[in-house]
Amino acid sequence: MAHDPTPFERFIQGIIPENPVYRQLLGLCPTLAVTNNMQSAITMAGAVTFVLLCANIITSLIRNLLKPHLRIVIFTLTIATFVTLVDRFLAAYMYTMSKSLGPYIPLIIVNCIIIARCEVCASKQDVFTAASDAIGQSMGFALALASIAGVREILGTGMFFGIRVLPAAWPDWVIMALPPGAFLTFGLLLGVVNFIESKRAEKKIHKG
Amino acid sequence: MEQMKNNFIVQAWLVLILALCFGSSIASINLALSPIIKTNKINETMEKVPELVLGINGAAKLAISGKKLDINSQMVTIERKNSRISYKVFQAINEEEVSGWVVKASGQGYADKIELLIGLDKTMESITGLFVLEQKETPGLGSKISQWDFRKQFVSKKTKSPIIPTKTGASASNEIDAITGATISSRSVCSIVNVAAKNVRTALAKTPFKINQEK
């Protein structure tokens with residue numbers, strides 16, 4: 001690419017073309033671990049959005065002061081601070097959710113999506129671009145979590161956001177709520193996304 | 001050459017300043033939020049007391065009958081040769097009779113501190129329930145200590161002989177099945193329970209529980 005991506009390009013790329021989960025295969029630990037129901041998936045996505053947005057903005061603001069060999073330390077420091085804030089906030093105001101997410105909130109510190117965005121975008125571009133990149137990528141992450149959690153919660157418990165959507169006669173596929181269900185759902189959805197993407201690429205070649 | 005000496009500090013000034021700013025902001029947020037988090041924990045403890053003392057069925061029956069347990073709490077301190085250990089102990093009273101005790105105890109787990117609520121019967125001779133208030137054990141392995149399948153093994157165990165986790169299938173009355181792949185976590189929970197039950201029993205035998213001394 002000859003020019004740096006514009007804020008709008010950054011925003012759009014994060015959602016589908018460069019979706020952090022389906023296209024970059026980053027942040028898979030929370031993707032697999034907290035997607036057995038919609039509520040925890042959305043809380044997780046919200047926490048990641050806050051951390052990513054704040055970390056991107058701070059990194060972008062200080063990007064001219066960064067020394068190449070110290071940049072990772074600074075990224076980690078920034079990310080860890082905001083993750084701790086989110087963790088305390090959830091423990092204070094959403095206690096049961098904080099308990100059910102358990103160690104996965106502190107584990108956002110090592111979520112590769114955030115450090116990748118600091119490295120790829122925020123440390124090179126201005127604040128506005130970094131912020132729209134953060135929002136785009138978080139929406140992509142939220143979309144991925146919600147798609148997996150939706151499938152798993154509906155098939156696993158017959159419910160959606162804790163409300164019954166399938167008839168009571170539905171034999172709950174317990175495996176979908178358990179860890180294997182996460183891998184099955186993720187694999188199948190990843191296959192679907194790849195299939196669509198390859199069809200699109202074919203079309204482009206034919207047109208070109 | 002003089003500059004080389006300074007170099008490390010000069011290069012790291014941004015890291016140092018950021019660390020100071022971030023550290024102080026986390027500290028102030030924690031100062032503001034910790035009372036709320038503490039209240040949340042106390043509320044959770046109070047909610048769990050009936051279940052821990054009376055069992056799940058007993059707590060459900062109590063809730064249906066519309067009655068409530070009276071709960072008194074007190075810090076119990078054990079003096080050792082070179083250390084002091086304190087436990088928060090809750091006394092559950094049902095119709096003016098002590099129906100059981102709940103002890104809050106913590107200890108080192110595999111990853112971080114494990115905090116437990118241990119339910120004991122009125123004579124403190126057997127365990128009536130176990131609940132994990134806080135743990136940061138490995139997800140999927142050690143974190144199973146908070147599941148009912150693991151916790152139920154402690155119910156009606158005697159406190160006289162220490163509870164031992166085993167990998168070969170529990171057979172003796174004081175054995176429980178350890179979690180596969182989480183031997184340390186299982187062992188930590190057992191030792192926290194053993195030590196706390198013993199300590200609180202001896203401490204209360206010396207100095208009886210004072211009702212309503214501290215809420």
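Keep in mind it's a predicted model, so treat the numbers as computed, not measured. Throughout, protein chains are lettered first and strands after them, A, B, ... in sequence-line order, and every chain is numbered starting at 1. Just so it is clear, the values below take in all heavy atoms, side chains as well, and ignore hydrogens, waters and symmetry mates.
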Which answer fits [X], side chain, backbone, both or neither, if we ask what part of it has an atom under 4.5 Å from a heavy atom of chain A?
| X | result |
| --- | --- |
| B:Gln135 | neither |
| B:Ile29 | side chain |
| B:Lys41 | both |

>> Which heavy atom of A:Leu77 sits nearest to which heavy atom of B:Val15, and what is that distance?
In response: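 So the two residues come closest at CD2-O, 3.8 Å.
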>> Tell me which of these, B:Lys38, B:Glu134, B:Glu44, B:Lys136, has more heavy-atom pairs under 4.5 Å with chain A than the rest.
In response: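 Counting heavy-atom pairs under 4.5 Å, the top option is B:Glu44.
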> Based on non-hydrogen pairs under 4.5 Å, which of B:Leu133, B:Ile36, B:Ile37 is most in contact with chain A?
Replying inline: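 When all of B:Leu133, B:Ile36, B:Ile37 are compared, B:Ile37 has the most.
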Cationic N near anionic O, under 4.0 Å, [X] to [Y]:
| X | Y | result |
| --- | --- | --- |
| A:Lys124 | A:Asp4 | no |
| B:Glu137 | B:Lys144 | no |
| A:Glu197 | A:Arg200 | yes |

> Does some side-chain heavy atom of B:Glu115 sit less than 4.5 Å from a side-chain heavy atom of B:Val132?
Replying inline: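 Sidechains of B:Glu115 and B:Val132: no contact.
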> Looking at A:Val73, A:Ile74, A:Thr81, A:Leu85, which makes the most heavy-atom pairs under 4.5 Å with chain B?
Replying inline: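 Winner by heavy-atom pair count: A:Thr81.
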> chain B: which of A:Thr78, A:Ile62, A:Leu107 shares the most heavy-atom pairs with it under 4.5 Å?
Replying inline: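 Looking at each of A:Thr78, A:Ile62, A:Leu107 in turn, A:Thr78 comes out on top.
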> Do A:Arg10 and A:Gln125 get their side chains close enough for a donor-acceptor pair, meaning under 3.5 Å?
Replying inline: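 Yes, side-chain donor-acceptor contact under 3.5 Å.
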> Which region of A:Thr96, side chain (C-beta onward) or backbone (N, CA, C, O), has a non-hydrogen atom less than 4.5 Å from a non-hydrogen atom of chain B, or is it both or neither?
Replying inline: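 Neither the backbone nor the side chain of A:Thr96 comes within 4.5 Å of chain B.
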